[in-house]
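Beneath this line is the structure, given in structure tokens, with notes to follow.
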Amino acid sequence: MSSKPKVIRQMPKTPEGREAPSTHAGQGRRGDSERYSLVAVMELIRSGRADTRLEIERLSGLGRAVVTDRLTALIDLGLVEEGELGPAIGGRAPRRVKFRADAGRILVATLDSTTIGVGLADLAGRLRVEHYEAIDAAQGPAASLKRLDTLFDWMLDQYPEARDVWAIGLGTPVSLFNLDASGLNLDALDSAIATDKAPLTENLVARYRAPVWVRSLVQLMTIGEFGVRNEAGMSNRDFLYVDLGDEITAGLMSDGRLHRGAHGIAGQIGHIATDSSREVCRCGNIGCLELVAGAGAIVGEALQAAQDGRSRYLAEVLAANGQLALADIGFSARLGDPYCAELLSRCGQLIGKVLAGLANALNPAVIVLGGELARTGDILLAAIRETIYRHTAPVVTRDLQIIRSQMGRSAGLIGAGLLTVDALFASDRLGGWITTGTPLQHPDVQALLARVTQSRRMPPPPDPSPDR
Amino acid sequence: MSIAGLGPHGERGAPFEQLDISEADAERARLACFRLCVVLHTTTSDWAKQALKGIAATLDVYGASLDEVVDCGFQIDTQIRALGRLTDSAPDAIISIPVGGSAVADAHRRVSRAGVKLALLDNGPTGLLPGSDYVSVISADNFGLGTIGARLLSPYIPPAGRVGILSYQADFFATNEREIAFRKWMGSERPDIRLSAIKFPDLGSLAAIFTAFLDANPDLAGLFAVWDLPAMEAVKVLAARGQCLPVTTVDLGNQAALALAAGDFIKGIAAQRAYDQGVAVAKATITSLLGRDPPSWIVLPGLATQKANVAEAYQRIWHEAPPAALCVPKAV
Ligand SMILES: [Zn+2]
């Protein structure tokens with residue numbers, strides 16, 4: 001390497017792997033500085049900051065010959081492709097280069113107490129396909145995980161490109177992390193790549209031969225909402241997403257970065273105490289917000305009102321369907337049922353008060369309200385808005401936008417894709433695989449796959465999973 | 001009838017009965033004289049004809065005009081061009097059944113970006129969002145239809161028998177949902193049954209693909225097709241070979257209904273309510289043109305149809321008297 005880079009912005013850190021690059025399977029010997037310059041060029045292209053050779057030279061400080069060589073290498077590796085001609089600035093028009101979002105695929109999934117969602121994302125985080133279905137919580141987490149395997153298998157079969165799986169991203173509520181039977185635990189969160197302590201992730205690694213990232217579902221939804229708004233040119237770098245379902249959770253982007261919290265579980269706002277309940281929550285505390293304003297709590301209250309005659313409309317729905325759904329309450333409210341309108345408005349006020357506290361503390365530019373409860377209609381949303389404005393300082397709400405999410409559960413899957421791709425391309429990890437063209441050749445991933453294969457040869461655990 | 005499937009973004013479905021336009025709103029609509037266009041995958045199938053009838057009748061009630069109906073012939077390019085041309089003609093709204101997934105997403109997105117309301121039938125292309133990109137998806141409960149197909153086929157399949165799934169090899173939400181649901185029901189209720197996918201890219205190549213599959217799998221005990229036209233193609237192949245297999249499918253088209261009444265091959269049909277779906281999409285579009293938000297995922301449950309109730313189901317679905325051939329004695 002003759003031309004040493006003079007300026008490299010965001011010089012990547014040395015890869016964590018101790019293995020010398022020459023031990024990577026099927027690759028020639030490449031020096032460290034060559035690898036760093038590959039990483040630097042890759043990052044400039046993937047982030048969209050540079051899309052011509054000249055711009056890469058200018059931003060990286062690398063010489064022309066080096067940039068040309070690295071571009072050729074990245075194109076050969078399938079990570080970059082040539083696009084159309086750019087505008088000519090004196091002389092020939094430059095050929096644009098861009099990140100090849102089809103180079104690999106990410107299997108994404110979300111799993112909560114009512115619904116399983118699966119999808120296939122490209123490396124730009126765009127979903128190629130998505131599917132959702134209701135799950136029967138009574139059958140336990142093991143049944144849901146088995147269903148996850150079946151749906152992933154179906155996608156691999158139906159979409160041949162899905163076989164280029166580079167990684168799996170999975171979002172699930174923090175409340176599920178500690179369920180022993182599900183095999184999800186907090187340890188899996190802190191080590192981005194699955195560990196032996198996480199049977200769920202281990203099963204997925206073994207079955208699909210790819211590393212797995214598990215994250216808090218609401219945090220992934222926040223990334224997804226933020227990413228899609230960003231792409232649509234509605235970027236607000238200080239952004240609060242609130243998921244209003246059985247659980248009430250929130251995610252915060254602060255200056256464009258996700259706030260994860262010390263244990264990766266930030267956002268459990270459903271357990272903020274209100275003074276309107278003396279009930280004991282599953283978290284062990286008294287008066288938690290979701291006990292009064294969570295979707296399950298609201299349906300429970302509505303059921304009582306249907307039975308004791310406080311809402312004639314709900315009584316009719318109950319008689320006709322044998323059950324009540326949250327949507328029935330929203331619909332009844334819109335039709336003018338006073339009980340339902342009052343119930344939704346009261347819950348909106350309770351939620352609004354908690355959000356006002358958050359807005360005062362965090363000063364977001366946008367609050368996006370998502371989840372099943374946010375889809376019940378305008379009554380609840382109006383109550384939330386009003387209460388936020390009433391309980392925040394005017395300087396906080398001056399330009400505050402409070403809007404309803406349009407993405408539904410897609411936010412979680414998109415977020416899972418975006419997070420996983422960012423993890424694969426994080427500069428310290430990228431250095432460990434870029435010369436091979438696939439993160440599956442990263443020494444840590446190879447070690448993980450070997451370890452999982454090894455542990456699969458051991459005697460089966462007490463509750464053996466079906467033959468794979 | 002409950003709704004089994006979730007929407008393209010995981011939404012719980014709103015029953016189509018919830019689409020109600022008040023008399024005051026109806027009057028406002030009539031004064032506005034809305035202009036609409038319809039873009040369909042095909043206009044020749046029985047489903048399409050019925051859905052169109054439902055749309056036209058409903059638009060009429062609200063004083064709206066149906067300016068143009070485009071038949072895309074299942075072609076992605078045709079649909080992309082049609083959407084562009086219609087958008088330029090600036091109607092108030094377009095009702096479309098997207099013929100693909102992500103491939104037609106941008107073309108649909110441009111409709112709403114141009115200020116034309118867009119309501120979708122059956123299929124929500126991945127990447128489009130309700131509110132900003134479209135008004136609602138009005139759909140059959142495709143997940144429920146797949147479940148019905150499995151439930152009706154199961155009694156005809158011997159223990160450990162092999163069942164083929166005639167599976168549409170295209171990125172299409174509705175047929176995907178049917179197939180996933182069929183597999184799910186079989187997996188949990190008849191785990192003994194072995195499932196084999198028989199993928200076809202288009203109807204034209206189905207006969208050859210299915211014939212090759214039958215040659216290679218003489219043990220096939222039954223068949224599920226993701227809609228009625230491939231089912232009838234497969235029945236033709238079976239009849240020519242003199243091979244009798246039970247078949248279930250989705251959509252009570254005329255041919256399939258007659259075959260069900262005859263009872264030789266078709267043993268059950270998960271019927272979609274195409275006319276009602278047309279009514280629902282027209283109502284949702286009018287609702288949105290009046291400035292109100294209809295639910296983003298509006299669903300019509302399917303109807304399990306067998307030989308015994310085929311005439312009655314026909315009447316209910318097509319809103320017209322069944323052909324004489326369907327009126328078989330109930331005791332058969
Ligand atoms: Zn609590």
Side-chain angles (χ1 to χ4, degrees), chain A residues 110 112 114-122 126-136 139 143 146-147 150-151 153-155 157-160 228-229 232 234 320-323 325-328 330-332 334-335 370 372 375-378 403-414, chain B residues 1-15 17-20 22 101-103 105 109 113 124-134 142-143 146-147 165 167-173 175-177 179-184 187-188 191 195-197 199 292-293 295-297:
Chain A
T110 56
D112 65 25
T114 62
T115 308
I116 186 168
V118 294
L120 182 64
D122 67 15
R126 276 184 300 255
L127 292 178
R128 171 86 169 74
V129 56
E130 55 189 316
H131 164 79
Y132 304 86
E133 59 185 58
I135 50 176
D136 184 358
Q139 293 191 350
K146 203 170 158 220
R147 189 69 194 143
T150 306
L151 291 171
D153 287 351
W154 179 83
M155 278 199 308
D157 185 53
Q158 181 77 354
Y159 297 87
V228 168
R229 288 177 62 80
M234 299 180 289
N321 300 350
Q323 57 182 14
L326 191 61
D328 296 323
F331 188 58
S332 309
R334 262 176 283 157
L335 287 187
E372 222 192 326
R375 290 192 282 273
T376 53
D378 292 338
I403 54 178
R404 183 166 55 167
S405 163
Q406 296 177 332
M407 293 177 65
R409 292 177 183 274
S410 301
L413 290 184
I414 291 173
Chain B
M1 283 182 290
S2 68
I3 296 163
L6 303 183
H9 304 287
E11 306 99 320
R12 308 269 145 183
E17 292 88 348
Q18 283 192 4
L19 283 167
D20 214 12
S22 70
S102 38
R109 192 178 281 119
R113 294 280 148 90
T126 303
L128 293 191
L129 295 176
S132 53
D133 298 326
Y134 63 86
N142 286 295
F143 203 86
T147 305
I165 301 172
S167 155
Y168 188 33
Q169 200 173 14
D171 182 14
F172 202 67
F173 176 74
T175 46
N176 277 354
E177 293 291 305
E179 184 182 340
I180 290 173
F182 181 89
R183 289 173 177 275
K184 184 178 186 188
S188 64
L195 300 176
S196 302
K199 296 181 188 203
R292 301 190 198 284
D293 287 340
S296 64
W297 170 242

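Sequence lines set the chain letters: A, B, ... in the order given, protein chains first and strands last, and positions in each chain run from 1.
- Sparse packing is recorded around CG of A/Asp378, with 12 or fewer heavy atoms of other residues, nucleotides or ligands lying under 6.0 Å away.
- Put simply, the side chain of B/Glu11 does not reach to within 4.5 Å of the side chain of A/Tyr132, judged on heavy atoms.
- Proximity of B/Glu179 to A/Gln158: side-chain heavy atoms (C-beta onward) are separated by under 4.5 Å at one or more points.
- Ranked by heavy-atom pairs shorter than 4.5 Å toward chain B, the options A/Thr150, A/Leu127, A/Asp157 are led by A/Asp157.
- For the set B/Gly131, B/Pro130, B/Gly5, the entry with the most heavy-atom pairs within less than 4.5 Å of chain A is B/Pro130.
- Contacts between A/Thr110 and chain B at a heavy-atom distance below 4.5 Å are absent for every atom of the residue.
- In the model, B/Ser132 has a side-chain atom that pairs as donor or acceptor with a side-chain atom of A/Gln406 under 3.5 Å.
- A/Arg128 is not listed as a side-chain neighbour of B/Thr126, based on a closest heavy-atom distance of 4.5 Å or more.
- Neither the backbone nor the side chain of B/Asp133 comes within contact range of chain A, judged by heavy atoms closer than 4.5 Å.
- Ionic pairing of A/Arg375 and B/Asp293 is not present here: no N-O contact between side-chain nitrogen and carboxylate oxygen is shorter than 4.0 angstrom.
- With rounding to the nearest 0.5 Å, the separation of CD in B/Gln18 from CG in A/Asp328 is 7.0 Å.
- Side-chain atoms of B/Phe143 and A/His131, non-hydrogen and from C-beta on, do get closer than 4.5 Å to each other.
- For B/Lys184, the parts sitting under 4.5 Å from any heavy atom of chain A are the backbone and the side chain alike.
- Annotation: side chain of A/Tyr159 is in contact with side chain of B/Asn176 (closest heavy-atom distance under 4.5 Å).
- Heavy atoms closer than 4.5 Å to chain B are found nowhere in A/Leu413, neither backbone nor side chain.
- Only the side chain of B/Ser167 comes within contact range of chain A, with at least one heavy atom under 4.5 Å from a heavy atom of that chain.
- Listed here is the closest heavy atom pair of A/Ser410 and B/Pro8: OG-O, 4.2 Å.
- Neither the backbone nor the side chain of B/Pro125 comes within contact range of chain A; no heavy atom of the residue lies under 4.5 Å from a heavy atom of that chain.
- Considering only heavy atoms from C-beta on, B/Asp20 stays 4.5 Å or farther from A/Leu335 through its side chain.
- Nearest heavy-atom pair across B/Ile180 and A/Arg147 is CG2-NH2, 3.5 Å.
- In this structure, a donor-acceptor pair under 3.5 Å is present between the side chains of B/Arg12 and A/Thr115.
- Proximity to chain A is limited to the backbone of B/Tyr168, based on heavy atoms less than 4.5 angstrom apart.
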